Amino acid sequence: MKRILADIIAVFVGDAQADRMVPPTGFTARLTLFASGAMAFLAVFALALSLASGRLAHRWGQELAQSSTLRISAPVEQIAAQTEAAMRVLQTTPGIASAAPLSDEEQRALLAPWFGPDLPVESLPIPQLITIEETAEGYDAAGLRLRLQAEVPGAILDDHTRWRKPLQQSASRLRLLGFLSIVLIAAVTATMITLAANAALAANAKVIAVLRVVGAQDSYIAKAFVRRFTLRALTGAAAGTILGLGAVLLLPSAQEQAGFLTGLGFQGFSAVWLILLPILAATVAFLATGAAARRTLSELR
């Protein structure tokens, strides 16, 4: 543990003499900065998608959990009578907080996305819909269906169970996919930084050999490479995160009538994840470069 802490401190304290053995510019420097920046940029979108999916799953669950819909399909001359009978049943059912039949204007608004705003609802045989709000305890759906079957033959109760669970499962899986994407991005970042570190070590094989002759330990040499590549990854990831956040802010804001791909921004404490992305990239670079340096130095003996 003490050794790890010492290595982390060495990353930020540094050693001017040791830093000279690592090229400050060149292909490996550009590759590390570009890889960490690009991966952080993609991670911002994966994180935004994952967090938005979590909010979506919660909202869907809240909106559908304590609501139901009663649909009355009957001849036009019987709709009013069956609606009144259904309302009497609902008003005397324990667990139902409120129930209200939709007006023609409300039903027209529901159908407008498919049929346009000028649909003549009054002259069409459209089922009457009744919205039901439950209490916290809920109601006995099976018992209510039996009562409706006996008193309101044209009534069909939809408690939203078949809609709620698949929607929540889909949103939860999409959230998991977002986090898996971040894991894959971290793995790709580690691979690219490892390749860059190996290339830098191989290119400086003669310098390393001279340092060994004058008494430099492999741990001393490795720390110099670890420091440079960790700081490069931190810088690149910070830049990529800022650019990714700027791109996310350009997306449409959340709207009730729009699809779920609006409102992908970070809300509340979820913005803390943006601070963790550069730290995660630096940690990946620290571990990957350390492992690559130790392996390559042992091969250069």
Side-chain angles (χ1 to χ4, degrees), residues 8 11-12 24-60 167-168 170-197 199-200 225-292:
I8 294 174
V11 168
F12 298 99
T25 60
F27 170 74
T28 57
R30 292 193 297 270
L31 177 61
T32 304
L33 288 170
F34 175 77
S36 57
M39 293 299 105
F41 183 87
L42 295 177
V44 170
F45 283 94
L47 186 59
L49 178 64
S50 179
L51 294 173
S53 300
R55 293 193 297 267
L56 184 67
H58 177 74
R59 186 173 73 246
W60 280 345
L167 289 174
Q168 288 180 310
S170 298
S172 298
R173 289 173 183 173
L174 194 58
R175 177 174 53 184
L176 177 61
L177 182 61
F179 280 111
L180 288 178
S181 298
I182 294 175
V183 173
L184 290 176
I185 288 171
V188 172
T189 303
T191 302
M192 297 298 292
I193 292 176
T194 298
L195 292 174
F225 282 88
V226 169
R227 177 176 184 273
R228 275 295 178 89
F229 280 87
T230 300
L231 293 179
R232 288 170 182 170
L234 180 63
T235 302
T241 300
I242 293 172
L243 291 176
L245 177 59
V248 168
L249 293 176
L250 294 177
L251 294 174
S253 59
Q255 300 175 11
E256 292 295 332
Q257 69 275 19
F260 108 97
L261 286 178
T262 63
L264 285 182
F266 297 88
Q267 301 177 5
F269 289 103
S270 63
V272 175
W273 286 99
L274 295 174
I275 301 175
L276 297 179
L277 285 179
I279 297 175
L280 175 62
T283 302
V284 169
F286 177 84
L287 297 174
T289 308

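From a predicted model like this one, the values you see are computed outputs, not experimental measurements.
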Original post:
Side chain of T289, backbone of F286: donor and acceptor closer than 3.5 Å?
Top reply: no
Could you give the side-chain donor-acceptor pairs of residues 276-285 under 3.5 Å, partners two or more places apart or in another chain?
residue	atom	partner	partner atom	Å
T283	OG1	I279	O	2.8

Under 3.5 Å, which donor-acceptor pairs link side chains of residues 235-247 to any protein atom two or more places apart or in another chain?
residue	atom	partner	partner atom	Å
T235	OG1	L231	O	2.9
T241	OG1	A237	O	2.7

Original post:
Just wondering, more than 12 heavy atoms not from F34 lying within 6.0 Å of its CZ?
Top reply: no
Contacts table for residues 181-196: side-chain donor-acceptor under 3.5 angstrom, sequence neighbours left out:
residue	atom	partner	partner atom	Å
S181	OG	L177	O	2.9
T189	OG1	I185	O	2.8
T191	OG1	A187	O	2.9
T194	OG1	A190	O	2.7

Subject >> Atom pair CZ/OG1 of R30 and T32 - distance to nearest 0.5 Å >> reply: 11.0 Å
